[in-house]
> 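Let me give you the structure first, and then I'll get to my questions.
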Amino acid sequence: MKKLLLITAVIGALGAVPLISQASPENDLKAFQGYFTERFPNVPLEEFTNGVYAIDKASREQWEAIEEFPPYEIAIEEGEEMFNTPFKNGKTYASCFRNGGIGIKSDYPYYDIEKGRVETLASAINECRTKNGEAPLKYMKGELASLVAYMAYTTRGQIIDIKIPFDQRARDAYEDGKRFFYARRGQLNMSCAHCHVDNAGNKIRADLLSPALGHLTHFPVYRSKWGSLGTAHRRFSGCNKQVRALPFKAQSPEYRNLEYFMTYMSNGLPWNGPGARK
Amino acid sequence: MRKSASSTLAAAGTLALMLGSLAIAPQAAFAEEASVVEEGKAIAFDRKKGNCLACHKMKDGTLEGNIGPALVNMADRYPDKKRLRDQIWDATKINPYTIMPPYGKHKILTEEELDKVVEFIYTR
């Protein structure tokens, strides 16, 4: 218990405003990954991409059985078909992305200096559509999630290497995401870090809490609870609601910056989306 | 004589009444206390109210989480009931970094519900 309190205090201090502006992203990354590798000394770094299944033998076996006939397979196929189907103007998604859109999920999220904001793959997909005269897709689930699933699939195995360019606005976006992650929120007054840093590996009621390290490597994710695929921002929204906080919109600046911070914290781990969770 | 007899009778009646109320009073108080504890328990266990089992093990709980310490020997450990109430009303006063929700401060429970939860937790 003492140890838990101490860790909570340290994390709390990290979240305090003056330190945020002092610590560099590189130092944050070292401290963040160091905390988890020390807390879970028997879990190899790349295993953190598997959420609770990296730290819980019992549920891991069930999950491995599920992964043999992955529930997200249909979505990958649907996404691939959409990806290769020309728009009304004859062009395809391939025309909007580097390398024809294959194996490029690793390019996102990044700070777009020209637009002055964090660009995500989901928002880039919709920009591609509107640029080609197509209506944008909904951001939480459905067709867009399937497209991202296919694009994630072609990116599997690459190593996460998110950059924070030397630009004050990029740095601000990163700091904003970091502040969001450590900030108390909602009537229940909890931060993401309370559950996924301080209490990773502990149980909240019957649910084991996953470590935040590796949180966004495998999205979009098929959740049995949803009965469908969902994007990372859908999950953010759910975790906000759990603490009775008003969720933000998918692709809001808040969630983009949060995605930027959280993905950067998983630098060095492999991309392994799409994933399956309970 | 008559007067005295009637006053004796009256006195006896009063005594009977008093005895009766003495006999009944503790039972009534006990029943009332028991029902407050029961109500407190229902509030504490309700996922939409206290949901204390999300984080605390305690007697009669099921599928408890392990984020907070087990709640045992509370009456011994909190001779001052107000300290127990303070912990539940706003845990951040005692530990600024705590994950425990501030049930009173954020009006997750009403003051009345919180009192009942305190009475219940006191029996754990």
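On a predicted model such as this, the values are computed, not experimentally measured, just so you know.
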> If we only count heavy atoms from C-beta on, is the A/H194 to B/I67 side-chain gap below 4.5 Å?
no
> Counting only heavy atoms not in B/R83, do more than 12 sit closer than 6.0 Å to its CZ atom?
no
> Using a 3.5 Å distance criterion without hydrogens, assess whether the side chain of B/N66 forms a donor-acceptor pair with backbone atoms of A/K203.
yes
> Answer whether the closest heavy-atom distance between the side chains of B/I99 and A/D198 falls below 4.5 Å.
no
> Tell me the closest heavy-atom pair linking B/N51 and A/R205, and the distance in Å.
OD1-NH1, 3.8 Å
> Side chain, backbone, both or neither: which part of A/L208 has a non-hydrogen atom closer than 4.5 Å to chain B?
neither
> What residues of residues 110-124 of chain B make heavy-atom contacts with chain A at a cutoff under 4.5 angstrom?
none
> Surrounding CD of A/E61 (heavy atoms of other residues, nucleotides or ligands, distance under 6.0 Å), is the total greater than 12?
no
> Who among A/M190, A/R244, A/Q187 has the most heavy-atom pairs with chain B under 4.5 Å?
A/Q187
> Measuring only between side-chain heavy atoms, which start at C-beta, is A/I204 closer than 4.5 Å to B/E64?
no
> Look at atom NZ of B/K81 and say whether more than 12 heavy atoms of other residues, nucleotides or ligands are closer to it than 6.0 Å.
yes
> Can you tell me which portion of B/T62 sits under 4.5 Å from chain A's heavy atoms? Options are side chain, backbone, both or neither.
both
> Which of residues 38-48 of chain B get closer than 4.5 angstrom to chain A, counting heavy atoms alone?
B/F45, B/R47, B/K48
> Testing the basics here: between A/N189 and B/P102, what is the closest heavy-atom pair and its distance to 0.1 Å?
CB-CD, 3.6 Å
